[in-house]
Amino acid sequence: MEQIARTSKDAGHVIRRNRHERDMTQAQLGDKIHLRQATVSKLEAGEPGTQLRVFFDALSALDLEIVIRPRSKASIQDLEDMF
């Protein structure tokens, strides 16, 4: 299923949802990408200062990829309803 993220908070929700679908804890994901559980927590919360490398490592560990495309015309409310 395609998932849209327009903010770091949205991207964190995508990571969290996919981690849960794989029955993984934050600590397990952290172990897989060689980071502390606290770093995974910050990533999922969309906190500023999270390195882009951490985001891509998490995507890879969850067997996800990012696709860049022009923004859809969906409203913010429509997107929030997806989450």
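Computed from a predicted model, the values in this text were never measured in an experiment. No hydrogens, no waters, no symmetry mates; every other heavy atom, side chains included, goes into these values.
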**Student:** Sequence neighbours left out, what passes side-chain contact (heavy atoms from CB on, under 4.5 Å) with Ile66? Give chain and number order.
**Tutor:** Phe55, Phe56, Leu59, Ile68

**Student:** Name all pairs fulfilling the salt bridge (Lys or Arg N to Asp or Glu O under 4.0 Å) condition that reach into residues 49-62, sequence neighbours left out, sorted by first residue then second.
**Tutor:** Arg53-Asp57

**Student:** Quick one: does Ile4's side chain get under 4.5 Å of Arg69's, heavy atoms only?
**Tutor:** yes

**Student:** Return all side-chain donor-acceptor pairs below 3.5 angstrom for residues 34-41, not counting sequence neighbours, or 'none' if the list is empty.
**Tutor:**
unit_1, atom_1, unit_2, atom_2, d
Gln37, NE2, Gln26, OE1, 2.5

**Student:** For Glu65, what residues pass the side-chain contact (heavy atoms from CB on, under 4.5 Å) criterion, not counting sequence neighbours?
**Tutor:** none

**Student:** Could you give me the CA-CA distance, side-chain angles and deciding distance for Gln3 and Asn18, then say whether side-chain contact (heavy atoms from CB on, under 4.5 Å) is met?
**Tutor:** CA-CA 10 Å; Gln3 300 168 72; Asn18 281 275; 3.2 Å; yes

**Student:** Give a yes or no on whether Ile15 and Leu52 share a hydrophobic cluster (residues Ile, Leu, Val, Met, Phe, Trp, Tyr; joining criterion: side-chain heavy atoms under 4.5 Å apart).
**Tutor:** yes

**Student:** Looking only at heavy atoms, which two atoms of Gly46 and Ser8 are closest? And how far apart?
**Tutor:** O-OG, 3.0 Å

**Student:** Which residue pairs satisfy the salt bridge (Lys or Arg N to Asp or Glu O under 4.0 Å) criterion with at least one member in residues 41-52, sequence neighbours excluded?
**Tutor:** Arg16-Glu44, Arg19-Glu44

**Student:** If the test is side chain to side chain contact (heavy atoms under 4.5 Å, CB included), which one of Ile33, Leu29, Thr50 qualifies with Leu43?
**Tutor:** Thr50

**Student:** Under 3.5 Å, is there a donor-acceptor pair linking the side chains of Arg22 and Gln28?
**Tutor:** no

**Student:** Which heavy atom in Ala5 sits nearest to a heavy atom in Ala11, and how many Å separate them?
**Tutor:** CB-N, 3.6 Å

**Student:** Check side-chain contact (heavy atoms from CB on, under 4.5 Å) between Thr7 and all other residues, then give those that pass, not counting sequence neighbours.
**Tutor:** Lys9, Asp10

